[in-house]
Number of protein chains: 2
Amino acid sequence: MVREPSKRPRAAEASKAAILAAARQRFAADGYDRATIRAIAADASIDPAMVIRYFGSKEKLFAQAADFDLRLPDLTAVPRARVGAAFVEHFLERWEADDTFMALIRAAVTNDAAAKRVRGVLATQVAPMIERVSGDESHTSLRAALVASQLLGFALCRYALRLGPAVTMSRDEVVGWLAPTVQRYVTAPLPVTRRAR
Amino acid sequence: MVREPSKRPRAAEASKAAILAAARQRFAADGYDRATIRAIAADASIDPAMVIRYFGSKEKLFAQAADFDLRLPDLTAVPRARVGAAFVEHFLERWEADDTFMALIRAAVTNDAAAKRVRGVLATQVAPMIERVSGDESHTSLRAALVASQLLGFALCRYALRLGPAVTMSRDEVVGWLAPTVQRYVTAPLPVTRRAR
DNA sequence: GTCTATAATTCGATAGAC
DNA sequence: GTCTATCGAATTATAGAC
């Protein structure tokens with residue numbers, strides 16, 4: 001497919017891709033600790049030694065496997081009253097089509113490096129979009145954290161804890177319940193409480 | 001303190017209690033896999049072999065350490081319009097005073113037995129209370145799952161992911177933002193959506 | 001009851017033959 | 001580029017001395 005100056009790119013690239021795909025599934029299913037290099041290699045039909053050779057270490061492999069793009073669409077294009085629903089719909093589709101994000105969440109619960117990465121994803125991908133649609137410049141990170149608490153919390157219940165109702169709810173039901181919550185976190189003025197402490 | 005027929009109860013009971021306390025902290029801080037029996041024993045100033053002797057295995061130790069009582073108060077006693085706030089307030093206090101629940105959540109993300117236990121806690125302690133105050137008998141488990149998605153999601157962000165704003169928010173701010181959400185999940189009629197599928 | 005010594009696994013990572 | 005063999009470290013769990 002890709003050009004090759006004179007040396008042969010070999011099947012190495014295909015192997016790396018297979019390893020990454022297997023790693024995402026394993027990390028998503030088992031978390032960082034229980035996902036072993038041996039198991040990942042077996043899934044990819046590749047020798048465990050090759051995994052280390054290509055990626056250097058388990059941590060570096062995870063870093064590449066968990067390099068995640070939320071692919072948030074431009075929410076300034078949707079009516080302001082529908083941004084909550086748009087958020088929920090996009091997240092549902094995104095993490096049902098790609099194991100990477102759940103792998104990241106699962107790992108982040110017990111791994112500091114993974115947690116830092118999740119914070120980075122929220123700060124660089126979610127928060128800027130919220131700032132643009134909220135019309136409130138001064139509490140963006142707070143609103144982003146609240147949105148994350150609900151969306152990640154639902155993902156936790158649906159995919160990790162496998163709570164019956166959270167698993168069986170239809171897409172429309174999920175949106176119907178969660179959208180008003182997210183809508184409020186993004187657009188509502190601060191509630192009346194004693195600020196700080 | 002307790003009666004002893006003729007044999008001596010020894011310091012064994014004190015040792016078991018110390019082990020359980022250390023286990024809860026370690027499981028909460030590190031998750032099931034990374035929390036080693038050696039570390040737990042060291043925290044409790046007890047030999048690692050004793051841990052196995054008293055509890056049989058790491059899994060059985062976790063089962064006892066994660067035996068958690070939410071201690072939900074009787075929410076039928078508070079005004080119906082304040083049940084959301086009461087829920088949030090109680091959870092905040094409860095999991096800030098006791099590491100056990102976070103240990104359970106952390107472990108549940110990668111351990112099926114722990115996940116089953118979380119489902120049990122929700123089904124036996126949270127759901128019945130929701131049924132009593134919601135006035136809707138037919139969707140109790142759904143409402144419980146929604147409440148869990150928000151409360152556990154916030155705990156995830158505050159204690160595991162350590163998102164800046166979620167960590168620094170004051171108790172009143174947390175209640176101010178989350179209470180309306182929980183209130184709606186507990187008491188609101190079903191949203192208008194296509195049911196099932 | 002308590003602890004030392006160690007068995008039995010399993011893991012990540014390396015060295016080197018082909 | 002790929003794989004076999006293996007090292008070294010860490011883990012749970014057991015056997016037995018004191």
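Convention: sequence-line order gives letters A, B, ...; per-chain numbering from 1.
By the rule that hydrophobic residues join a cluster once side-chain heavy atoms approach within less than 4.5 Å of another member, A:F154 and A:V167 end up as members of separate clusters.
Atom OH of A:Y32 is separated from atom C1' of C:dC11 by 12 Å (rounded to the nearest Å). The nearest whole Å value for the distance from the CZ atom in B:R26 to the P atom in D:dT11 is 11 Å. Taking atom NZ of residue B:K58 and atom P of nucleotide D:dT14, one finds them 15 Å apart after rounding to whole Å. Per the geometry, CE belonging to A:M50 stands 5 Å off P belonging to D:dT2, to the nearest Å. Counting to the nearest Å, the C1' atom of C:dG1 and the CZ atom of B:R53 are 7 Å from each other. Atom CG of B:D33 is separated from atom P of D:dT11 by 12 Å (rounded to the nearest Å). Across the protein-nucleic acid pair, B:R34 atom CZ and C:dT10 atom C1' stand 16 Å apart, rounded to whole Å. When the P atom of C:dT2 is taken as reference, atom CD1 of B:I52 falls 16 Å away, rounded to whole Å.
With hydrogens and angles left out, the side-chain atoms of A:S149 and B:R158 include no donor and acceptor closer than 3.5 Å.
Comparing atom distances between the B:S15 side chain and each of D:dC3, C:dT2, D:dA13 picks out C:dT2 as nearest. Listed nucleotides C:dC3, D:dA13, D:dT4 differ in distance to A:D47; the shortest reach to its side chain belongs to D:dT4.
A 4.5 Å side-chain heavy-atom check between A:T110 and B:D30 finds every atom pair outside the cut-off.
A donor-acceptor contact under 3.5 angstrom links the side-chain atoms of A:R38 to the base of C:dG12.
Taking side-chain N and O atoms only, B:Y54 has a distance below 4.0 Å to OP1 or OP2 of C:dT2.
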Decide yes or no on salt bridge (charged side-chain N to carboxylate O under 4.0 Å, His left out) for B:R94 and B:D98, but give the supporting numbers first. CA-CA 6 Å; B:R94 195 69 186 86; B:D98 187 348; 3.7 Å; yes
